[in-house]
Amino acid sequence: RPDLVIWGYVTNDANEGIVPQFNYEKLEKDAVVAFHKRRSEHGLLQRLDFQLQQLRREKLLAKRAGPKHGYEYNEWELRLVEDAANRAAYAKTLAELATTMRAAGTPYFFLSLPNSPREEVFRPRYAPNCILLRMPCWAAPNEEPL
């Protein structure tokens with residue numbers, strides 16, 4: 001039995017399968033992407049073909065990503081904490097985890113592992129779950145911690 005359990009928390013941990021994520025493999029099936037991908041690996045203007053391939057992927061993603069086909073990663077990650085049904089399901093998962101840990105009698109805590117150093121990126125993705133996880137969150141200067 002361990003003396004202590006440290007749970008690392010990252011934003012996609014809140015994925016309960018409710019908020020759809022875009023399947024990026026669909027982009028690779030596009031004929032234009034495939035054409036430029038082949039040429040970027042073996043063609044004469046490899047760098048140009050790589051750039052054209054990336055531009056095509058971005059265009060397809062902008063057109064297709066959304067509630068029907070799933071959200072692109074950054075938006076999906078944010079929606080995990082904004083979606084009420086997902087947050088409720090995640091709260092239930094955390095409650096079950098807490099019950100299991102209490103029954104085991106092993107002390108534990110959560111450690112937030114931000115994937116970005118920029119507060120405007122990580123605050124909206126972490127603050128809602130800091131409350132659920134009952135862990136202290138950062139505070140800006142002259143501000144109370146969450």
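Positions are given from 1 along the sequence.
The two atoms that bring F22 and A65 nearest to each other are CD1-CA, 4.1 Å, heavy atoms only. Considering all non-hydrogen atoms of both residues, P2 and T106 come closest at O-CG2, 3.6 Å. Of all the heavy atoms in N86 and D83, the pair that sits closest is N-OD2, 2.8 Å. Residues R39 and Q46 come closest through the heavy atom pair O-CG, 3.8 Å. Contact record, P20 with P67: CG-O, 3.8 Å, taken as the closest heavy-atom pair.
A heavy-atom distance below 4.5 Å is not found between the side chains of Q53 and D49. Between V5 and F109, every side-chain heavy-atom pair lies at or beyond the 4.5 Å cut-off. Counting heavy atoms from C-beta outward, F110 and L97 have side chains that approach closer than 4.5 Å. Taking the side chain as every heavy atom from C-beta outward, K37 and E28 approach each other to under 4.5 Å. Put simply, the side chain of L80 does not reach to within 4.5 Å of the side chain of Y90, judged on heavy atoms. Side-chain contact between I6 and Y108 is absent, with no heavy atoms from C-beta onward closer than 4.5 Å.
The neighbour count for E25 CD, taken as heavy atoms of other residues, nucleotides or ligands under 6.0 Å away, does not exceed 12.
Side-chain contact check for T11 and E77: at least one donor-acceptor pair (N or O, by modelled atom type) lies under 3.5 Å.
A chain of hydrophobic side-chain contacts below 4.5 Å, direct or via other Ile, Leu, Val, Met, Phe, Trp or Tyr residues, connects Y71 to L27. No chain of hydrophobic side-chain contacts below 4.5 Å, direct or via other Ile, Leu, Val, Met, Phe, Trp or Tyr residues, connects I18 to V10. A single hydrophobic cluster is not seen to contain both L45 and F50; linkage of ILVMFWY side chains at heavy-atom distances under 4.5 Å, directly or through other members, places them apart. Put simply, F35 and L55 are part of two different groups of oily side chains (I, L, V, M, F, W, Y) that touch within less than 4.5 Å, one to the next.
The pair E16-R87 fails the salt-bridge criterion, with no side-chain N (NZ, NE, NH1 or NH2) lying under 4.0 Å from an Asp/Glu carboxylate O.
When the options E58, Q51, R56, R57 are evaluated for a side-chain hydrogen bond (donor to acceptor under 3.5 Å, both in side chains) with Q54, the one that passes is R57.
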Given side-chain contact (heavy atoms from CB on, under 4.5 Å), test L61 with Y24 step by step and report yes or no.
CA-CA 8 Å; L61 187 60; Y24 286 86; 3.9 Å; yes

For L60 and V33, what are the C-alpha separation, side-chain angles and deciding distance, and is it a side-chain contact (heavy atoms from CB on, under 4.5 Å)?
CA-CA 10 Å; L60 291 171; V33 170; 4.1 Å; yes

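The aromatic rings of W76 and Y73 sit tilted, their planes meeting at an angle between 30° and 60°.
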